[in-house]
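Here the structure is a predicted model, which is why all the values come from computation and not from measurement. Labels below follow one simple rule: chain letters A, B, ... track the order of the sequence lines, proteins then strands, and each chain is numbered from 1.
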There are 2 protein chains.
Amino acid sequence: MTNLRTLDLNLLVVLRQLLEDRHVSRAGEQLGMSQPAVSRALQRLRAMFDDPLLVRTPRGFELSARAEALLPELSRWLDETERLVSRPVFDPATSTQVVRFYGPEPEVGWFLPPLFERMRRLAPGMVLEVNSQPRDHFGPLERGDVHFVVTPFEPSASTAQLHSLRLAPLSLALVMSKDNPLAQGPLTLDRIAAASHGLVSLTGRGGGMVERDLIEQGQLSPGERLNQPLRLSSFASIPAFCERSDIVFHLPHRFAEELARGRNLVVRETPPRTTKEVAYAHLYWHERFHKDPMCRWIREQLKAGQV
Amino acid sequence: MTNLRTLDLNLLVVLRQLLEDRHVSRAGEQLGMSQPAVSRALQRLRAMFDDPLLVRTPRGFELSARAEALLPELSRWLDETERLVSRPVFDPATSTQVVRFYGPEPEVGWFLPPLFERMRRLAPGMVLEVNSQPRDHFGPLERGDVHFVVTPFEPSASTAQLHSLRLAPLSLALVMSKDNPLAQGPLTLDRIAAASHGLVSLTGRGGGMVERDLIEQGQLSPGERLNQPLRLSSFASIPAFCERSDIVFHLPHRFAEELARGRNLVVRETPPRTTKEVAYAHLYWHERFHKDPMCRWIREQLKAGQV
DNA sequence: CTCCGTTATGCATTGGACGCATGGATTCTC
DNA sequence: GAGAATCCATGCGTCCAATGCATAACGGAG
């Protein structure tokens with residue numbers, strides 16, 4: 001095998017122009033190099049192919065047999081080359097790529113639907129794959145198993161090479177039965193702290209957010225637990241539980257409205273508190289996908305889809 | 001379109017090694033370049049692709065998404081490249097190429113059959129195309145219409161770029177009827193000069209060779225013409241004419257033997273004379289086919305097929 | 001925290017590609 | 001057939017950029 005390291009592949013670009021023009025000076029103009037430079041390149045090409053490539057005739061240069069055979073191949077090769085080095089274009093409208101997310105509920109349910117809505121509209125051929133199996137959140141990223149992770153957790157210090165984007169926090173609202181006493185009268189922090197709370201969590205985490213917040217606000221003394229008699233692993237049955245009990249759920253506002261629609265439920269704004277009152281999450285991705293056009297597009301859509 | 005002139009395609013060779021090894025130092029060893037050189041090449045590659053290509057992980061470098069997609073394409077591309085720059089191999093056994101000759105009779109009939117015999121044996125798929133239409137002998141060469149010309153003529157001084165090979169001269173013999181008086185007794189130059197000669201010529205040329213020779217030998221005085229009462233344009237009817245007349249033909253020895261076989265003919269060696277007593281010809285070819293593997297092979301066979 | 005393996009970088013060198021100017025060859029024109 | 005025009009090749013000086021060496025920086029493992 002000829003060792004490509006010893007060859008100057010850049011010469012091949014010059015060769016095509018030479019074979020097309022059959023004219024050293026003109027090829028030089030087209031390539032933006034001087035005539036002597038092209039002449040020397042031709043010398044090197046002749047050595048490289050051990051063939052004259054261009055032969056003098058009374059009508060100027062003509063192609064040698066080798067050059068004749070080479071020209072079409074060379075054109076194909078250059079096209080190939082251009083394709084190879086050209087930035088891969090991502091066309092949402094025609095892409096059928098799969099974008100893989102990892103993230104726990106409930107964050108996935110809160111932050112990804114707006115993205116998916118845009119995907120359905122702008123990239124109907126794409127597939128969104130979401131994995132919420134409880135496990136290490138950042139391992140899949142490092143292994144390249146997923147493109148993105150959506151999580152409220154922080155990556156451990158050891159996992160470098162991660163990029164992140166803070167997703168716009170979603171303000172929380174309280175969902176409860178219209179018959180719940182809390183549905184009437186002022187919605188104060190102490191009344192909230194005294195209520196019976198439900199939470200959705202696949203990971204065992206989740207409600208801690210509200211509890212911690214109320215502690216910091218002084219509505220619960222540290223060590224005192226929030227009254228949380230209901231833990232669900234999905235949102236589907238929230239309306240049914242709320243309608244038939246005194247349970248209240250902290251949920252992102254718009255999400256709560258959707259659940260309450262057509263039910264005997266009411267959604268009430270929570271009183272202004274710290275930033276912890278909102279549902280937040282970060283989007284993380286690995287360096288390896290940082291420049292990937294599809295992933296960039298997804299990130300843009302995620303940003304654009306925020307309220 | 002990205003301008004390939006501004007890119008260094010040689011870097012792509014390094015890139016493949018890098019992507020395969022995922023290791024700068026090792027790639028350097030394989031490529032025969034120092035580690036810093038490879039590191040710098042990687043920098044340039046990263047700029048070229050606007051992508052990290054190799055990303056650090058706890059287990060060393062791993063491929064970015066782009067690199068992952070690139071690697072198989074790159075391998076294909078390098079194979080293509082190698083094919084492109086590698087010397088085209090000519091395999092007689094499988095070739096179906098057409099080799100085109102131009103040349104006048106009778107030289108074609110004398111010099112090409114040994115070649116064709118070898119071709120049938122060694123290159124059964126190839127086609128030998130011979131054109132003997134009388135015309136300018138060297139024009140077809142310059143136009144690239146034919147690969148070779150076989151002719152006793154010299155190219156005009158203006159036609160440069162021609163290569164040539166002297167074909168081994170064929171010694172001439174005389175063919176005549178067994179009843180011809182010349183068939184008996186010593187075959188001296190004066191008896192030959194006195195005989196009635198036939199000649200084969202498509203071009204009008206041909207017999208001049210014998211005539212000139214006899215003049216130079218002093219057997220004919222300048223201006224005196226050889227007795228040549230028969231001109232044929234092919235060899236086919238020579239036996240029939242010779243058998244029924246006193247005509248003698250100067251023909252290459254082996255060719256004469258073939259014609260005489262099974263006929264009432266005799267082949268006699270001519271007495272030693274100058275080099276002009278032999279049938280000679282040159283093989284000419286144009287610069288453009290000088291390095292062509294098929295043409296080289298043909299030239300070899302032509303040489304090898306000589307007596 | 002330190003050591004080891006690996007990669008990145010500062011620095012000096014060099015090789016070769018380039019442009020300019022010119023020589024040499026060939027063709028075209030008159 | 002002489003002269004002009006065109007075009008390619010080459011000698012020469014320049015300069016850039018790739019390379020190698022030495023070393024620093026970095027990251028992981030113990």
Side-chain angles (χ1 to χ4, degrees), chain A residues 4-15 17-48 52-64 67 138-139 142 155-162 286-288, chain B residues 4-15 17-48 52-64 67 142 155-162 287:
Chain A
L4 290 182
R5 262 254 89 202
T6 65
L7 267 46
D8 185 354
L9 301 183
N10 297 323
L11 286 175
L12 296 177
V13 181
V14 180
L15 180 57
Q17 201 64 50
L18 271 171
L19 295 192
E20 275 184 358
D21 292 348
R22 300 154 161 75
H23 199 282
V24 173
S25 309
R26 261 195 288 283
E29 286 173 26
Q30 308 246 359
L31 292 164
M33 46 199 295
S34 68
Q35 173 267 320
V38 178
S39 178
R40 294 234 133 92
L42 178 55
Q43 287 179 0
R44 274 171 269 147
L45 280 162
R46 282 171 167 159
M48 178 169 160
L53 298 173
L54 289 177
V55 293
R56 317 191 75 111
T57 74
R59 293 164 306 289
F61 272 143
E62 283 187 9
L63 303 188
S64 76
F138 298 99
E142 294 202 350
S156 72
S158 71
T159 55
Q161 309 305 327
L162 289 191
H286 193 267
E287 170 72 8
R288 88 180 78 207
Chain B
L4 291 181
R5 263 252 91 203
T6 65
L7 267 47
D8 185 355
L9 301 183
N10 297 322
L11 285 175
L12 296 177
V13 182
V14 181
L15 179 57
Q17 201 64 50
L18 272 170
L19 296 192
E20 275 183 358
D21 292 348
R22 298 154 163 77
H23 200 282
V24 173
S25 311
R26 261 194 289 284
E29 285 172 27
Q30 309 246 358
L31 292 164
M33 46 200 294
S34 69
Q35 174 268 322
V38 178
S39 178
R40 297 229 129 97
L42 178 55
Q43 287 180 0
R44 275 171 267 147
L45 281 161
R46 282 171 166 159
M48 178 167 160
L53 298 170
L54 289 178
V55 294
R56 317 192 73 112
T57 75
R59 292 164 305 289
F61 272 143
E62 283 187 7
L63 303 189
S64 77
E142 294 203 351
S156 73
S158 73
T159 55
Q161 308 304 327
L162 290 190
E287 170 73 8

Could you tell me whether the side chain of [Y] reaches within less than 4.5 Å of the side chain of [X], counting heavy atoms only?
X	Y	result
A:M33	A:V14	yes
B:L53	B:L18	no
A:V24	A:F61	yes

side-chain contact (heavy atoms from CB on, under 4.5 Å) with B:Q30: which residues, sequence neighbours excluded?
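Listed in chain order: B:Q17, B:D21.
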Holding to side-chain contact (heavy atoms from CB on, under 4.5 Å), I want the full list of residues that pass it with A:N10, two or more places apart in sequence or in another chain.
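For A:N10, the residues satisfying side-chain contact (heavy atoms from CB on, under 4.5 Å) (neighbours in sequence not counted) are A:D8, B:D8, B:L9, B:N10.
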Given atom [atom1] of [X] and atom [atom2] of [N], what is their separation to the nearest angstrom?
X	N	atom1	atom2	answer
B:R56	D:dC26	CZ	C1'	6 Å
B:E62	C:dT6	CD	P	16 Å
A:F61	D:dC7	CZ	C1'	9 Å
B:R44	C:dT9	CZ	C1'	14 Å
A:D8	D:dA18	CG	P	12 Å

Test side chain to side chain contact (heavy atoms under 4.5 Å, CB included) on B:R46 and B:Q43 and set out the steps.
CA-CA 5 Å; B:R46 282 171 166 159; B:Q43 287 180 0; 5.6 Å; no
Compare every heavy atom of [Y] with every heavy atom of [X], then report the nearest pair and how far apart it is.
X	Y	answer
B:S64	B:V55	CB-CG1, 4.5 Å
A:L54	A:R22	CD2-CA, 4.4 Å
A:V13	A:L31	O-CD2, 4.4 Å

Sequence neighbours excluded, which residues qualify as side chain to side chain donor-acceptor pair (under 3.5 Å) partners of B:Q35?
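Partners of B:Q35 under the side chain to side chain donor-acceptor pair (under 3.5 Å) test: none.
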Inter-end axis angle, the helix from C:dC1-D:dG30 to C:dC30-D:dG1, with every axis fitted to five base pairs (rounded, 10 degrees)
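Answer for the end axes of this duplex: 30°.
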Listed in order of residue number, which residues of residues 18-34 of chain B have a non-hydrogen atom at under 4.0 Å from DNA chain C?
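Correct list: B:H23, B:V24, B:S25.
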Would you tabulate the nitrogen or oxygen pairs shorter than 3.5 Å linking the protein to nucleotides 10-14 of chain D?
from, atom 1, to, atom 2, distance (Å)
D:dT10, OP2, A:Q43, NE2, 2.7

